[in-house]
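Have a look at the structure below before the remarks.
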Amino acid sequence: DQQVKQNSPSLSVQEGRISILNCDYTNSMFDYFLWYKKYPAEGPTFLISISSIKDKNEDGRFTVFLNKSAKHLSLHIVPSQPGDSAVYFCAASGTSYDKVIFGPGTSLSVIP
Amino acid sequence: DAEITQSPRHKITETGRQVTLACHQTWNHNNMFWYRQDLGHGLRLIHYSYGVQDTNKGEVSDGYSVSRSNTEDLPLTLESAASSQTSVYFCASSETRAGETQYFGPGTRLLVL
């Protein structure tokens, strides 16, 4: 049973619009969440993270929102650019958890 | 610049053969991880190490082994390759145990015939 879920395998967005990628988790022990971005034939790279003591973290065009009661987080990309086209992995961990659990990923396509 | 490298980048082997995938990092990180990436499953943890001589099993460790004799390297061995082990393998390292940023290698694409 997947502890970190990304229910949309793919998403297509027009350039300049907002991209919203969603992630749900089941384990209430998770208290730290990360988003990684992956281009074809490359390894994933860290994008942004959020601790459970916050409900929002922003870095340039990227904002992550956390709703602990719903066990849900989302990544917003505004404005979306063609270079944002990649697979995005949501990941979760915790202070009492010695591993990072990754979701299955969402493939984002930003159309020029 | 510090980096993490994997070799080979592509490998074709036959069922039953032993295969070793190399991972080398120059970050001087104590923590190293091996993942496999398969469609619909994302990244699944195979084995991990928190330091020299330390190794631990992840969620999909059957058929794989690792050893850690120094800080820089964590080779992954498939003892008897199976077609189900066809996948893309990623090595990663991090400065702290869990929850912190992991730095990934470029991946090894393995095909078992």
Side-chain angles (χ1 to χ4, degrees), chain A residues 1-10 21-25 27 29-54 57 59 62 64 66 73 86-107, chain B residues 1-10 21 23-25 27 29-51 54-61 87-110:
Chain A
D1 188 31
Q2 285 185 339
Q3 298 187 67
V4 178
K5 302 177 184 181
Q6 295 176 257
N7 292 322
S8 297
S10 62
L21 293 85
N22 293 303
C23 177
D24 298 287
Y25 61 96
N27 191 335
M29 300 292 284
F30 291 146
D31 58 13
Y32 194 77
F33 305 90
L34 311 96
W35 284 93
Y36 283 82
K37 177 179 181 179
K38 183 186 177 306
Y39 291 119
E42 295 183 11
T45 55
F46 170 75
L47 185 59
I48 193 170
S49 62
I50 188 167
S51 165
S52 61
I53 61 173
K54 293 185 172 183
N57 188 27
D59 183 2
F62 302 92
V64 56
L66 175 62
L73 61 155
V87 176
Y88 290 79
F89 291 103
C90 173
S93 186
T95 50
S96 58
Y97 212 79
D98 66 351
K99 293 180 284 291
V100 175
I101 305 298
F102 286 83
T106 295
S107 178
Chain B
D1 286 347
E3 61 177 357
I4 180 165
T5 57
Q6 294 182 235
S7 62
R9 293 294 311 277
H10 299 88
L21 309 182
C23 175
H24 179 81
Q25 53 100 359
W27 292 97
H29 288 159
N30 282 324
N31 313 308
M32 297 184 72
F33 310 84
W34 273 105
Y35 295 90
R36 58 178 288 174
Q37 184 196 1
D38 304 287
L39 198 62
H41 291 279
L43 296 162
R44 291 184 292 173
L45 184 63
I46 304 171
H47 282 284
Y48 58 104
S49 168
Y50 289 149
D54 175 75
T55 60
N56 306 279
K57 293 181 179 181
E59 61 177 309
V60 290
S61 61
S87 186
V88 182
Y89 291 86
F90 290 100
C91 179
S93 71
S94 72
E95 190 171 0
T96 59
R97 285 201 171 194
E100 290 296 328
T101 303
Q102 293 185 14
Y103 296 87
F104 283 82
T108 294
R109 186 173 293 274
L110 177 67

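Throughout, protein chains are lettered first and strands after them, A, B, ... in sequence-line order, and every chain is numbered starting at 1.
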task: Check the angle between the aromatic planes of A:Y36 and A:F102 and answer parallel, tilted or perpendicular using the 30° and 60° thresholds.
output: tilted

field: Ring geometry between B:Y48 and B:F33 (parallel below 30°, tilted from 30 to 60°, perpendicular above 60°)
entry: parallel

- prompt: Backbone N or O of A:K5 within a donor-acceptor pair of the A:D24 side chain at under 3.5 Å?
  reply: no

Side-chain donor or acceptor of A:N57 paired with backbone N/O of A:S49 under 3.5 Å: yes

statement: By ring-ring contact (aromatic ring centres under 6.0 Å, His included), A:F33 pairs with (sequence neighbours left out) A:Y25

[X] portion near chain A, given a 4.5 angstrom heavy-atom threshold:
X	answer
B:Y103	neither
B:Q6	neither
B:R109	neither
B:L45	side chain

- request: Below 4.5 Å from any heavy atom of chain B, which atoms of A:P9 appear? Answer side chain, backbone, both or neither.
  value: neither

